[in-house]
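Right, one structure below, let's go through it.
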Amino acid sequence: MKRIKIKELLLTKPEGQTVTAKGWVRTFRNNQFISLNDGSTINNLQAVVELNSVADETLKRITTGACLSVTGELIPSPAKGQAVELKVKELEILGDSDAEKFPLQPKKHSLEFLREIAHLRSRTNTFSAVMRVRHAMAFAVHKFFNDRGFFYIHTPIITGSDAEGAGAMFRVTTLDPNNPPRDEQGKVNFKEDFFGRETNLTVSGQLEGETYALALGDIYTFGPTFRAENSNTTRHLAEFWMIEPEMAFYDIGDNMQLAQEFLQYLVRYALENCSEDLEFLNKRAQEEEQSKPQDQRSELSLIDRLKFVADNDFQRLSYTEAIDILKNSNPNKKKKFQYLVEEWGVDLQSEHERYLVEKHFKKPVILYNYPKDIKAFYMRQNDDDKTVAAMDVLFPGIGEIIGGSQREERYERLVKRVNELSLPEKELWWYLDLRKFGSAPHSGFGLGFERLILFVTGMTNIRDVIAYPRFPGNAEF
């Protein structure tokens, strides 16, 4: 008999029909009540074994983690919290699980412990919920752009350019690390490498994305990116996914509007399509908040934060206005900020961004017109020659969730900026060509997908919203 997913069974009106469900045992009580989950939903199906209907040897093998196939009659459930249950007629054990060795016992496990068994953590309620939400958000990203006529472009993972100018990139090479070929100066001769030059894993698909925006109009990328920063914070990964739209004929105002519409669409999609998982994660987040000191607790629950974003217009203000607000704020005057704001030109920290969002405006914030000295070379220079048309979207609990800008479309201004920053003009020849042949105003932004999932799920460590996190000292699994 064909398997029916537990999500469907729990919504089925019981009319005495015979059905088959397959899944993994969460609990088995009194040699009679099996709690079965197949990953399709946060909720379990209760399968009831009639006394003396299954051999004792088989009953002993029904342990937490074992995989079963159960066939029987779907009936109304007398128990609270579930509409139906399955009265077992046939039971087959598809995979045994040694109860003494299986690391996921029916109790609460720490997130740190679960990272050590990342190959099994998806069988917990928390991680199955996070991954279902992650899937829904990935689908919603594609739906949002497709419905607006954007084209999905696959930009390269292996690249010779550094879009961010950060220098923290993973090298791609086939040369023998113990005996690499050398040139006349004794340096490693990358001309003998696979690609005939130095290559790295990409930090961004933006530059390549721009080339297609200036041909197709509106495009987006959604792929893996890599940063070789030795960072062990709860907000950084070495491998993560980026969503990067690039739009021809968009100025900075158009860019900010699209970013707001995009984020609100994603949050509303989660609220409408992931309600059961979000209810579970909301309860989990509330329990976690209770363990924090009172002054560190969030004023809003997870679902309240999502509605806060979905229902509020984002506040827009310039970097200069933000600096004035922060300089005159109580946390700054009373020296409660870890990084005091004392002068124009400093790069804002997460504590500053969250103050603006959570305390001052009490709504999401879009900051724009940043000092050019703290931003990337490709951002359009404003007439004041001090700032660039950059923008960051700031969220409660997260800080920056999107970074973007209007791109510099003027050839002379871009070349001058490349030289000011001592960037390799020869390697950027193709990017500069775009400004020579039919240049146009254009803009774009980047959304770190895992940052979005952190916000939507209420998880507090970015290592817990990706299947197999990569970070310094860890490439397990």
Side-chain angles (χ1 to χ4, degrees), residues 42 126-148 150 220 222 234-235 240-245 247 254-286 288-289 298-316 350 353-354 356-359 361-367 391-404 444-462 464-466:
I42 193 79
T126 296
F127 285 94
S128 63
V130 167
M131 287 300 151
R132 281 188 294 269
V133 171
R134 185 181 170 108
H135 157 78
M137 290 295 88
F139 177 81
V141 166
H142 290 298
K143 181 167 172 53
F144 175 87
F145 287 121
N146 182 70
D147 289 354
R148 284 157 182 76
F150 280 64
Y220 72 105
F222 186 178
T234 57
R235 299 173 69 216
F240 54 100
W241 288 69
M242 282 285 284
I243 302 145
E244 297 174 292
M247 298 76 62
D254 301 322
N255 204 27
M256 289 190 277
Q257 186 60 32
L258 183 74
Q260 176 177 328
E261 290 173 7
F262 180 45
L263 288 168
Q264 289 185 317
Y265 177 93
L266 294 175
V267 169
R268 287 171 187 149
Y269 189 94
L271 286 167
E272 291 168 12
N273 294 277
C274 306
S275 57
E276 289 183 335
D277 286 321
L278 289 181
E279 286 291 349
F280 168 81
L281 292 166
N282 186 60
K283 186 179 176 184
R284 185 196 167 280
Q286 285 176 325
E288 208 170 72
E289 286 292 313
S298 174
E299 295 177 13
L300 299 172
S301 71
L302 168 61
I303 289 177
D304 287 338
R305 282 201 302 274
L306 297 178
K307 290 178 178 176
F308 171 94
V309 166
D311 298 340
N312 281 296
D313 255 345
F314 295 7
Q315 178 71 40
R316 300 182 188 187
S350 179
E353 296 167 343
R354 290 184 62 183
L356 292 170
V357 173
E358 297 168 28
K359 304 296 183 186
F361 289 107
K362 296 188 183 295
K363 61 168 70 173
V365 170
I366 307 181
L367 287 185
M391 65 104 178
D392 287 342
V393 182
L394 314 180
F395 263 22
I398 295 284
E400 181 197 333
I401 195 165
I402 274 180
F445 60 78
L447 168 64
F449 190 51
E450 283 72 27
R451 291 265 179 103
L452 171 73
I453 306 305
L454 269 183
F455 178 75
V456 174
T457 61
M459 301 298 285
T460 53
N461 193 316
I462 203 162
D464 297 328
V465 295
I466 191 169

Report summary line: Between Gly397 and Glu358, the two heavy atoms sitting closest are N-OE2, 2.6 Å
Query raised in the report: Under 4.5 Å between any side-chain heavy atoms of Asp277 and Ser128, yes or no?
Result: no
Requested in this report: Measure from the side-chain N and O atoms of Glu400 to the backbone N and O of Ser350, and report whether any donor-acceptor pair falls under 3.5 Å.
Outcome: no
Requested in this report: Please answer whether the main-chain N or O of Gly399 pairs with a side-chain N or O of Arg451 as donor and acceptor at a distance below 3.5 Å.
Outcome: no
Report task. Output yes when a side-chain donor or acceptor of Glu353 lies under 3.5 Å from a complementary backbone atom of Phe395, and no otherwise. Result -> no
Query - Full working for side-chain contact (heavy atoms from CB on, under 4.5 Å) between Arg134 and Phe449 - result: CA-CA 9 Å; Arg134 185 181 170 108; Phe449 190 51; 3.6 Å; yes
Query raised in the report: Do you know which two heavy atoms are closest between Gly404 and Asp392, and how far apart they sit?
Result: N-OD1, 4.2 Å
Query - Candidate list Phe222, Phe150, Tyr265, test ring-ring contact (aromatic ring centres under 6.0 Å, His included), partner His142, passing option - result: Phe222
Query raised in the report: Hey, are the side chains of Ile42 and Arg132 touching, using non-hydrogen atoms and a 4.5 Å cut-off?
Result: yes
Query - Reported CG-to-CD1 distance for the pair Asn255 and Ile366, which is rounded to 0.5 angstrom - result: 9.0 Å
Report task. Could you tell me which non-hydrogen atom of Gly446 sits nearest to which non-hydrogen atom of Glu244, and how far apart they are? Result -> CA-CG, 4.0 Å
Query - Sidechain N-carboxylate O distance under 4.0 Å for Glu288, Arg284 - result: yes
Query raised in the report: To the nearest 0.5 Å, what is the distance between CD1 (Ile453) and CH2 (Trp241)?
Result: 12.5 Å
Report task. Using the ring of Phe314 (Phe, Tyr or Trp, six-membered ring only), decide whether Arg316 places NZ or CZ under 6.0 Å from its centre and within 45 degrees of its axis. Result -> no
Requested in this report: Spell out, as yes or no, whether a donor-acceptor pair under 3.5 Å connects the side chain of Asn282 to the backbone of Ile303.
Outcome: yes
**Report entry** Proximity of Phe145 and Phe262 rings by center, below 6.0 Å
**Finding:** yes
Query raised in the report: When you look at Gln260 and Val393, which way does the side-chain contact (heavy atoms from CB on, under 4.5 Å) test go after all the steps?
Result: CA-CA 8 Å; Gln260 176 177 328; Val393 182; over 6 Å; no
**Report entry** Residues Leu278, Leu306; criterion side-chain contact (heavy atoms from CB on, under 4.5 Å); working and verdict
**Finding:** CA-CA 10 Å; Leu278 289 181; Leu306 297 178; 3.9 Å; yes
Requested in this report: For residues Val141 and Leu447, determine if any side-chain heavy atom of one lies less than 4.5 Å from a side-chain heavy atom of the other.
Outcome: no
Query raised in the report: Roughly how far, to the nearest 0.5 Å, is OG1 of Thr234 from CD1 of Ile462?
Result: 8.0 Å
Report task. Kindly determine whether Met247 and Asp254 satisfy side-chain contact (heavy atoms from CB on, under 4.5 Å), including the steps that lead there. Result -> CA-CA 9 Å; Met247 298 76 62; Asp254 301 322; over 6 Å; no
Query raised in the report: What distance do Leu263 atom CG and Phe455 atom CZ have between them, rounded to the nearest 0.5 Å?
Result: 9.0 Å
Query - Where Leu266 and Leu452 come nearest, the two heavy atoms and their spacing - result: CD1-CD2, 3.7 Å
Query - Exercise: identify the closest heavy-atom pair between Phe361 and Val365 - result: CD1-CG2, 3.8 Å
Query raised in the report: Which heavy atom of Tyr269 sits nearest a heavy atom of Met137, and at what distance?
Result: CD2-CE, 3.9 Å
Query - Glu450 side chain to Val465 backbone, donor-acceptor under 3.5 Å - result: no
Query raised in the report: Atom CE of Met459 and atom CG of Asp464: how far apart are they, to the nearest 0.5 Å?
Result: 4.5 Å
Requested in this report: With rounding to the nearest 0.5 Å, note down the distance linking NZ in Lys307 to CG in Leu302.
Outcome: 10.5 Å
Query raised in the report: So, Arg305 side chain and Leu300 main chain: donor-acceptor pair closer than 3.5 Å or not?
Result: yes
